[in-house]
Enquirer: 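Could you have a look at this structure, given as structure tokens, before my questions?
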Amino acid sequence: MPPGGNGVISMGPGCPVVLPLTIAHQCGQAFRWRKVLVPLQGKESRRLEWSLCLRDRVVFVTQDGANHSLAHRTVYNSNPEPFSTAAWLRDYLNLDTPASQWFAEWSEKDPIFAKHANRFSGGNILRQDPWECLCAFICSSNNNIPRISQMVHKLCEHFSPLLHVEQYPKGSRLCHSLDVNELAEASTDALCLAYHPFPTPSRLAEPDVEGRLRELGFGYRAKYLAQTAYALCEKARESLGFNASAEKIDQRVYANLLELRSLSYHDARNQLLPLSGVGPKVADCILLMSLDQASSIPVDRHVFQFAERWYGIRTKRYEEVAEKLRAVWGERAGWAHSFLFYADLPSLDFYDSNDHMGAYNTEEDKKQDLLLSSAHQTEFDQEMGPEAKLDTTQYPYLTVKSEPDETSLNLVIKDDSHLSDTPETIKHEQSSPDEPHQRPTLKRARTARHRAKP
DNA sequence: CAGGTC
DNA sequence: TCTGG
């Protein structure tokens, strides 16, 4: 049994990966990371802790205030696999790519990039698990990012075992937006979160899955997921023989998907397109974010929009837009495209790299913390009442609550069927701009660029 | 309406 | 077109 698995990863000045610009679900790459604001503890200032459940472990990551290093700890299950979390993080976060250098190159080549996307320097494209990536982007069709994230979490809760429950210190707060000062839960309870791994292909290939996914609100995507899982497992079974175990089949499915990394863009794409629920856009997302195809440009409605408005590309033909944008940015066009996509996301309007958003380890942050934490908490209590709870109708998958001094085993794990009648849940009204909850980091005004075209 | 697909 | 924020 491995020990705690703590460690620090230092990032060179050439690759200052900023976690809120990569793993936050608002960015639309990974949808499963949780972000918890852990309050002041002794001499330490408050900090943001990101966490994700892998197959055999839960990984917790905190970035330092200057974005130069990542501190991580790991909780394993009873049968850990032999790979180090540090190595996994380095690979997953693509820490060895000189992304900041690329930002400079894109900005030099393209004044439009310089103007709209260079503020996302520190962003990065992840190197994700292809199976999870495939499922997540099947869910993404005709869908919004919060619900994609919700659906991915539902997959984990309902189709994979509970691996770990983390009990966070009192006053810890689950964050939903990029702004850690968001209006959020005023909890005196200990925050407890349940961690399930992403489900295996063989589990999602079982016959009951489509129906259950429909009950869970997946709509027409239920069939896509079930069919894709089944197709991949059947292909693996053919090469393994009829008596292959589920474990062997899963391993083969993962291996088959990873092999796509060694293929050309077009060959890998043609392997993905026959899968149910995978069209050109979804395929390009998977290629870009999990299969090493840095030139892949997923063309969605946002891209059509800025291609026309900023680059004068008028066509509605998918391949033509992608080709013309590749001509602008070159071989890593898919990376460049992602940060222009960020520029079009309302949820990233308020992102400011100079704030070290979400790091909160500097002395100044600490001072501000001391001033604000008590004051803001009081304000919050006066308005919402001390019993105010998170709006769980918005993020039902996030909540596993416990009473203040409960042991970790006596948990109330939130069940969807009780969602409609939780009397304690207070619905938070949206605060208007002049209310006290509007915190100082909300600097940038919402522009009109998302609205109607002339 | 929301990062399409069949 | 499924569905909900």
Side-chain angles (χ1 to χ4, degrees), chain A residues 24-31 117 120 123 125-126 128 133-155 176-177 182-183 210-228 231 269 272-290 296-309 316-319 321-322 325 334-349 390-398 416 419-420 425 427-430 449-453:
Chain A
H25 75 257
Q26 288 86 359
C27 298
Q29 287 196 67
F31 299 96
F120 298 117
I125 300 298
L126 300 170
Q128 299 190 66
C133 202
L134 170 61
C135 295
F137 283 99
I138 286 175
C139 294
S140 79
S141 71
N142 203 336
N143 206 351
N144 53 54
I145 289 176
R147 190 155 81 113
I148 298 165
S149 183
Q150 184 189 47
M151 288 162 81
V152 170
H153 279 272
K154 277 185 179 173
L155 285 177
H176 300 128
S177 76
E182 68 191 2
L183 182 62
E210 183 186 337
R212 288 195 57 198
L213 287 177
R214 285 196 180 275
E215 292 170 14
L216 292 169
F218 280 63
Y220 55 79
R221 304 166 198 87
K223 179 175 270 181
Y224 297 162
L225 280 171
Q227 286 182 342
T228 289
R269 198 172 194 249
L272 294 175
L273 286 174
L275 297 172
S276 177
V278 181
K281 191 267 177 182
V282 169
D284 281 331
C285 286
I286 300 162
L287 290 164
L288 174 66
M289 300 174 203
S290 71
S296 171
I297 298 182
V299 182
D300 52 46
R301 51 192 303 121
H302 292 269
V303 177
F304 276 119
Q305 200 174 322
F306 72 64
E308 179 174 354
R309 181 158 19 85
K316 293 288 183 196
R317 290 171 53 193
Y318 186 104
E319 307 296 344
V321 173
L325 288 175
W335 284 55
H337 132 278
S338 296
F339 306 114
L340 272 171
F341 172 74
Y342 285 11
D344 213 43
L345 286 179
S347 57
L348 292 185
D349 272 359
L390 179 69
D391 178 6
T392 54
T393 57
Q394 193 174 5
Y395 291 94
Y397 58 87
L398 294 165
D416 289 339
L419 259 182
S420 50
T425 301
K427 184 117 183 162
H428 294 168
E429 299 301 326
Q430 292 193 338
R449 66 179 184 271
H450 308 291
R451 307 197 182 98
K453 286 175 279 187

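So you know, we letter chains A, B, ... as the sequences are listed, proteins then strands, and number each from 1. Bear in mind that the values here come from a model prediction, so they are computed numbers and not experimental data.
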Enquirer: Contact class for A:V278 (heavy atom, under 4.0 Å): base, sugar-phosphate, or nothing?
Expert: sugar-phosphate

Enquirer: I'd like to know whether A:V299 forms a side chain to side chain contact (heavy atoms under 4.5 Å, CB included) with A:D284, so could you lay out the CA-CA distance, the side-chain angles of the two residues, the decisive distance to 0.1 Å, and finally the verdict.
Expert: CA-CA 8 Å; A:V299 182; A:D284 281 331; 5.8 Å; no

Enquirer: Taking only side-chain N and O atoms of A:R301, does any of them lie within less than 4.0 angstrom of OP1 or OP2 on B:dA2?
Expert: yes

Enquirer: Give one of base, sugar-phosphate or nothing for A:G217, where a contact means two heavy atoms less than 4.0 Å apart.
Expert: sugar-phosphate

Enquirer: Return the set of residues passing side chain to side chain donor-acceptor pair (under 3.5 Å) with A:Q227 (not counting sequence neighbours), or none when no residue passes.
Expert: A:S276

Enquirer: Any N or O donor-acceptor pair linking the side chain of A:R221 to the base of B:dT5 at under 3.5 Å?
Expert: no

Enquirer: Touch check for A:V282, heavy atoms < 4.0 angstrom, all strands: base, sugar-phosphate only, or nothing?
Expert: sugar-phosphate

Enquirer: Base, sugar-phosphate, or nothing for A:C27, non-hydrogen atoms under 4.0 angstrom?
Expert: base

Enquirer: Assuming nearest nucleotide by heavy-atom distance, tell me which of A:L275 and A:F341 is located more 5' along DNA chain B.
Expert: A:F341

Enquirer: Under 30°, 30 to 60°, or over 60°: which ring-plane class applies to A:H337 and A:F306, parallel, tilted or perpendicular?
Expert: tilted

Enquirer: Find out whether A:C135 and A:L225 are in side-chain contact, i.e. whether some heavy atom of one side chain is under 4.5 Å from a heavy atom of the other.
Expert: yes

Enquirer: Would the A:F137 and A:Y224 ring centres measure less than 6.0 Å apart?
Expert: no

Enquirer: How many Å lie between NZ on A:K281 and C1' on B:dG3, as a whole number?
Expert: 4 Å

Enquirer: What is the base-pairing partner of B:dG3, counting Watson-Crick and G-U wobble geometry with both distances under 3.5 Å?
Expert: none

Enquirer: A:I286 has an atom CD1; how far is it from atom P of B:dT5, in whole Å?
Expert: 9 Å

Enquirer: So what does A:I297 hit on the nucleic acid, given a heavy-atom distance under 4.0 Å: a base, only sugar-phosphate, or nothing?
Expert: nothing

Enquirer: Any donor-acceptor pair, under 3.5 Å, between the side chain of A:Y318 and the base of B:dG4, if you only look at N and O atoms?
Expert: no

Enquirer: In this structure, how many angstroms lie between the C1' atom of B:dG4 and the CE atom of A:M151, rounded?
Expert: 13 Å

Enquirer: According to the Watson-Crick and G-U wobble definitions, with both distances under 3.5 Å, which nucleotide is paired to C:dC2?
Expert: none

Enquirer: Could you tell me if the side chain of A:P146 sits less than 4.5 Å from the side chain of A:H176, heavy atoms only?
Expert: no

Enquirer: What is the distance, to the nearest angstrom, from the CZ atom on A:R214 to the P atom on C:dT1?
Expert: 14 Å

Enquirer: Can you tell me which nucleotide in C:dC2, B:dA2, B:dG4 comes closest to the side chain of A:R147?
Expert: C:dC2

Enquirer: To the nearest angstrom, how far is A:I148 atom CD1 from B:dG3 atom P?
Expert: 7 Å

Enquirer: Between A:H176 (NE2) and C:dG5 (C1'), how many Å, whole number?
Expert: 13 Å

Enquirer: Return the nearest nucleotide to the side chain of A:D300; candidates are B:dG3, B:dT5, B:dA2.
Expert: B:dG3

Enquirer: Taking for each residue the nucleotide of DNA chain B with the nearest heavy atom, is it A:Y224 or A:S140 whose nucleotide lies nearer the 5' end?
Expert: A:S140

Enquirer: Just the rounded figure in Å: distance from P of B:dC6 to CG of A:L225.
Expert: 12 Å

Enquirer: Over how many whole Å does the gap from A:Q305 atom CD to B:dC1 atom C1' extend?
Expert: 13 Å

